Structure formats: C-alpha cells, structure tokens
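The model shown is predicted, which means the values in this text are computed figures rather than measured ones.
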Amino acid sequence: MNTKNFPLLMAPGRMGPMETHNRIVLPAMDMNVSEHGEIEQPEIDHYVARAAGGAGLIITGACAIAFPHGAASMKEPGLSDDKYIPGLKALADAVHAAGSKLCIQSTHHGKVARVDVANDRPVLAPNQPDYTYDMSALADSTREELGKMGAATAGKQTAYHEMTAEDISWLVSIWADAAERVAKADADAIEIHVAHGYILGVFLNQRDNLRTDEYGGTLENRARLACEVISAVRERVGDRLAILVRVAGEEYGQEGGLTLDEAIEASKLFEQAGADAIHVTGWGRNPFDNFTDGPLPNKVGAYLKNAAEIKKHVNVPVIAVGRMLPEVSEKALAAGQIDFAAMGRQLLADPELPNKLRDGKFDQVRPCINCYLCVAENFFDDTPFCAVNPALGNEALLPLKPASASKHVVVVGAGPAGLESARVLTERGHRVTVVDKSDRLGGTMWFSTMTTPDNERLLKWFKSEIRRLKIAVKLNTPATVESIRALHPDHVIVATGAVRPKPDFPGGDLPIVQTGDTLRAMMLGTATAEEAGAVLSTLGKLGRLSGVTKSPEFVRQFTKVWLPMGKDVVVIGGSLVGLELSEFLAERGRRVTLLHETQQLGLPLAMPRRWTAVKESEKHGVKIHRNASITRITEKSVEWTVGGESFSAPADMVVYADGTTSASPLADELRAADITCDVVGDAGAVNYIHGAIHSSWEVATAL
C-alpha cells in the first residue's frame, strides 16, 4: 500500500471550531505517570510523540473535573483548580509545536472512583445499585495481581451516595469550571465522557439509573444530566473549544444496558445541547467478565456499525473507535460511515503510524498484536507498557542512538527476539547476519499464529523490515561454533528460544506424547522420525502442506476443514500456550481435555485476554481440570488426580505444554571459544513475545 490508499484518512477534518490536518485521532488511554493531578513531563512526552507521529487530534486520558474527588487514580490529571492550568498549558503548547491539536477528556468516575473508595468517601451514583457483578474470572488472577488491584482502593468496600438536586447542580457547575480551565490552557477541545460506567454514563442507561425524578425513567430524562453538562460547558466556553461527547453505541453483558436505539436518541439530544462531535465507543459492563467487548475490544472495527448508524441521525461529525485499523478506517470514510477514526493501541505500538501512511510506508507500520498488556496495567493503577514498543512510557529512548563503531553481528535465531535484535542493530548502523535452522522466519512466533492470528501481522511486519533494511538471512543453517566463526562476527546474539522437554512422569515417552517443539516441527514439516513417532503419517501430512504454503492464514483456515489427527486430545499445561492450543483444537472439532497443575490458567497472558481465553475455551467445549496431578499416560488415555480423586480421559494425542524453560547451550559454547555473545528472548528468560522484544531492545540499543 502507499499514500494513495489513504486519501480520506489523511484529509483535513473539522469538529466545530477546530480543524485537524487529518482524520486520525488518538483516543483517551490513561498513562498513570503524573502525580497528584499535575501533568508531568513523561505525560507530555507521550502525547508529543503521537503528535509528532502525525495524529491529527490527541485526546488525553481521563482528567478528573473534581480531583481528587471522583478520580480513579491519584496519577490522573486534575481539572478542579487553577493550579493545574500550567501543566495543561505546557501540554497544549508542546502538542501544538509538534503539529497536532489537543483535546482534554473530562470526567467524574462516579461509582468507579477508586480514590474516593480508598479515602472512605461514598461514590456518587444515581441511586444504590441493585446488582453485583460475576467475579468468577478472578479465579485466574494470581495473589500478586489481586493484591495490586486491592491496593488501588486500599482494600476498602464501596459505599454509594445517591445524588441529590444539590449534587447535580454542583456537578454541572464544576464541569463548566473545568472547561474554562481547559480553554485558558489553550487546548483545542474538551471531551465529555458519557460512557464506560462513569457518572454521566450510568445516568444514561436504565440498568444503573433507577431514579423516578426528572433524571430517571425515559431516555430523555436519563440523558438530561449529560445534556445539562454539555449546555453549561458550551455556555461557558463558547467557540473557544470544540465539544466532543463520548457515548457507548451499545453496552454489553448485562440486560438493561444501553441499546443502539437509545444511543442514537441520546446522540441527537447531545447535538441539540451543543456537541460538536459524537465519539462512539462501547462498554462491556462487567470489566471482570466481558472487558474485551469494550471499551477495548477483540474484534477489528468492533463499533463501526454502531457509529455508522448514529451518523445517519446526527449532523455533527462522528468518530469511531475499537480496533479501527488504517485499511478499515479508510474504507469506512469512503462509505460515509464515519468522519474520524480513533486508533488507540495502534498508536501506542507505533506513534509514527500517521506519518508512515502519509509517506506511503504502510508496510512499515508496527502493528498492535492485541495482547492487552498495556490495558492490564490500569487494573493496578500502573503505567501501560507495550509488548512490541519498548519506548512506550519512556519516549526518551528515541530516537535510537547510532553505534559509535559499526560491528558485524551474527544473530542466531529468526524468531521475534532475533528479528528485533537484527532490526534495531541495523537501524543503529551495525552489519547483521541472521542464521536459523528452519526454512522460514518467525521461529515459535510462526507457530503461534495458528492460535493467535494477530501475531501474523507482527510476523509480516518483521519480514517487511528485514527486506527494507536488506539484512542478510541464512535459513536452513544450523548454528555451531565453527559455522559462526566462519562468518567472522565481532559479536553474536543468541536468540534460539526456549526448551520444551518431554514430561518425566510415567508414559511421558510414549509415541502419542508431543511437546510444543515436536508438534511445531511436524506442522512445519521439519520433524524427524524420532520426534514425530507414530503420528508422522497423519499430522506430518499437515507439515508437508505448511512447507508448501508457508502461509499461516492458509493453514489456520484449512485446518478447520481438515486436521489429520485423532478426535481425543489431552493438553497438559494450561498456561498461555496450552490454553490457546486447547481452544484452537476444540474449534476444529477435537474433544479436548486440559489439565493444569495449579489454579490460574493462561499465565502470563494479560488479565483481560486471559479471562476471555478461559471463557472461550469453555464455550468451545474444552474440559478444564485445575490443580490436577498427572498419574500416568497410557497408549490410549491420561490418568490424573484432583484432591485425591482419580480421573482419566481418552487420548489419541497428548500435548505436553508445560515445563518450558530457558536454555542457551550455544552461548556457553561460544564463550568457551572466546566469542563474545549476548542471550535474548526465551533462551534467556521465558517471557514470550513481550520478553523477546524488550530483552532484544535492551541488548541491541547498548551494543
């Protein structure tokens, strides 16, 4: 693709009095880097990086209109006092200098105001809630994670304060005061948050709002408070600020949540009250059960249809959010479905995305892999980090410093750790040769694309970068001390990945038992007869197919029709690999039993994705047994105990997805031969893609 593919996305846009140089918006994503309501330099650096990267509009994370009251974090910017104006002004000036426009998102968190809970203040609500959330997903959170979540509220119970007429009047007034401060700081817009369980959002839906006065009952009444806030802000700031209103096009996971029809009517009322744009999001009402329905969905273009429907009924611009990838956004703009596209996690992964689209460098856009590691940190009131972008939250790492002297570096292993090492080293001016014993780039990541399709986008990006940077690659090349010495390296990076041994319990050496390594080798068509054992004649056929196509997408789709393996599969080990593999096989008609020796499944997946993966596996029929102790494997079954009770399951194949360990014997051999080297990725510590890229970055930026 090149720039001609994105003429509409890169075209100027307007919201009320504000004009943007393109239609790409950074939506609000909390960074949790500023203390006590004051915007600090790391927060400015974060937004400036996205502004300099070309985003037309920067929307800050949530800012508390009554800080610290109604705040979700003491690291959240405040709008409640003039002392916060200098920080806001410094941010606005810096974003403008970088070429973008700035919008401050304003909110009162209401019933999810963790700072109020921690300080024994009752949280504001339209009324006492009459329901509780299903918290069973927390069974897959560790003690450490539960402790960190509890620390955000000091472990205290939530008390509710039903808002009176005086409270409502106060809220409207301080919102207008906050908008005045935003205008004085020379920002370009203010976003009023009417979604995600915050105070205006809970008034809007009939599941949370049970009032019988003029603020409850009909949709018009439930929208009244938001409309009063919008009108008060418009009256206070006039045309000094564009007013954006964020609303859920739909709420998911609980009966009585906001419907699309209600969102349409509410949006019309917001426009009448003075909104210059409607920002259409979505909300999974239970963050511990359906977080990936919203506000940060799994599905590409998740809320596009709702945004398109709302656009039919309003006369102001509509912004769509929810995995709005560039190609999806351009198509939606061409169809007249939306006016702007908000790209959140994608701009965390690559702040230069807009500039790359403008310059016809679409293939150079580093993709978000939808892993939710960034989002999970907000549960802990901590700073988001990105699996694929080590500079997130620490923008001072960029630009990369050129190497003081160019070296020839041999990178052993073409998985994510090896490819990231090669990329960064080459960008810094080193000459790099990558060697790998496989016949393709990607290593374990190629295999992971079977169960995690978003990883394929990252693999394609790495391939594109290897071509662009003209990095020498030698495939089908086993690495030894002698073969590496023959390349005359100045330094070696060992990125050979983890070791996945066979289990040591009775029957672990039977032919039906496969490890992640042997299973991958068969699917890649590189398995030896010893590795594949008795199943070579069946699953080995799939390996020969993948050897012909080398297309993860083709293999992924083809295996839904034809998968040459028995119907009964037992997966031992329910961490990241075992859980996702179980779902993959169950989707393809296998009767899967998943055995896990401890309680928490899906580690080290980020919590929201982990909770979803467990739920999806169970929905596909995977029979999950936690705290299981394996007794033995026979030629046709697996036997185990839980709490002293014995169980068994039939097995045509057993996949041992546990016991993954780091090991780098090649590094030991190289050092013994006086060849300097570093170890990165799973060979040094098993942390999957996130660990591979971050450890590689650390080594490659220092060499």
Where do [X] and [Y] come nearest, in terms of heavy atoms and distance?
X	Y	result
Gln600	Thr142	CG-N, 4.0 Å
Glu145	Ser141	OE1-CA, 3.2 Å
Gln128	Tyr160	NE2-O, 3.2 Å
Asp45	Glu395	O-CG, 3.9 Å
Leu459	Gly442	CD1-CA, 3.6 Å
Val680	Ser421	CG2-OG, 3.9 Å

Parallel, tilted or perpendicular, as decided by the 30° and 60° cut-offs, for the rings of His193 and His196: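 Answer is perpendicular, since the angle exceeds 60°.
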Determine whether the side chains of [X] and [Y] contain a donor N or O and an acceptor N or O closer than 3.5 Å.
X	Y	answer
Trp175	Ser106	yes
Ser448	Asn455	yes
Arg285	Tyr131	yes
His596	Asp658	no
Asp381	Ser73	yes
Ser617	Ser582	no

Intermediate values then yes/no, side-chain contact (heavy atoms from CB on, under 4.5 Å), Leu26 and Tyr47: CA-CA 9 Å; Leu26 173 72; Tyr47 293 119; 3.9 Å; yes
Is there side-chain contact between [X] and [Y], with heavy atoms separated by less than 4.5 Å?
X	Y	answer
Val115	Val117	no
Val48	Gln41	no
Phe67	Met74	yes
Asp382	Asn32	no
Thr281	Val247	no
Ile192	Val194	yes

In terms of side-chain geometry, is the basic nitrogen of [X] or [Y] positioned less than 4.0 Å from the acidic oxygen of its partner?
X	Y	result
Lys615	Glu618	no
Asp350	Arg50	no
Arg626	Asp140	yes
Glu580	Arg610	no

Does atom [atom1] of [X] have more than 12 heavy-atom neighbours, drawn from other residues, nucleotides or ligands, at distances under 6.0 Å?
X	atom1	value
Lys156	NZ	yes
Glu144	CD	no
Gln599	CD	yes

Salt bridge (Lys or Arg N to Asp or Glu O under 4.0 Å) assessment of Asp454 paired with Arg323: CA-CA 12 Å; Asp454 280 307; Arg323 300 202 71 193; 2.9 Å; yes
Is [X] reaching over with its side chain to a backbone N or O of [Y], donor-acceptor style, under 3.5 angstrom?
X	Y	result
Asn394	Pro390	no
Ser646	Thr641	no
Glu162	Asn127	no
Thr449	Glu456	no
Asn290	Tyr252	yes
Asn286	Asp134	yes
Asp682	Ala498	no
His46	Pro42	no
Thr164	Asp167	yes
Asp116	Gly70	yes

At what distance, to the nearest 0.5 angstrom, does [atom1] of [X] lie from [atom2] of [Y]?
X	Y	atom1	atom2	answer
Leu392	Leu373	CG	CG	11.0 Å
Tyr688	Cys371	OH	SG	14.0 Å
Ile689	His694	CD1	NE2	11.5 Å
Thr452	Arg457	OG1	CZ	13.5 Å
Leu124	His108	CG	NE2	4.5 Å
Arg211	Phe203	CZ	CZ	4.5 Å

Aromatic centroids of Phe385 and His690 separated by under 6.0 Å: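 Between Phe385 and His690, which both carry aromatic rings, the centre distance is below 6.0 Å.
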Test of ring centre spacing under 6.0 Å for Phe379 and Phe291: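 For Phe379 and Phe291, the ring centres are under 6.0 Å apart.
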Of His69, Arg114, Glu76, the residue whose pairing with His109 passes side chain to side chain donor-acceptor pair (under 3.5 Å):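 Only one option passes, and that is Glu76.
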Ile104 vs Glu191, side-chain contact (heavy atoms from CB on, under 4.5 Å): CA-CA, chis, key distance, verdict: CA-CA 6 Å; Ile104 304 296; Glu191 181 166 78; over 6 Å; no
Stepwise side chain to side chain donor-acceptor pair (under 3.5 Å) test for Thr612 and Thr292: CA-CA 7 Å; Thr612 302; Thr292 54; 2.8 Å; yes
Stepwise side-chain contact (heavy atoms from CB on, under 4.5 Å) check, Gln254 with Tyr133: CA-CA 9 Å; Gln254 193 177 30; Tyr133 285 137; 4.1 Å; yes
Residues that Val424 engages under side-chain contact (heavy atoms from CB on, under 4.5 Å), provided they are two or more places apart: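 Applying side-chain contact (heavy atoms from CB on, under 4.5 Å) to Val424 gives Leu400, Glu420, Arg428, Trp697, Ala700, Thr701.
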Pair Asn370-Asn298, side chain to side chain donor-acceptor pair (under 3.5 Å): steps then yes or no: CA-CA 7 Å; Asn370 199 40; Asn298 274 327; 3.2 Å; yes
Steps toward side-chain contact (heavy atoms from CB on, under 4.5 Å) verdict (Val614, Val622): CA-CA 9 Å; Val614 172; Val622 176; over 6 Å; no
Arg345 to Tyr372 six-membered ring, cation-pi geometry met (6.0 Å, 45°):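 Yes, a cation-pi geometry holds between Arg345 and Tyr372.
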Pairwise salt bridge (Lys or Arg N to Asp or Glu O under 4.0 Å) hits with a residue in residues 26-43, at least two apart: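 Matches after skipping sequence neighbours: none remain.
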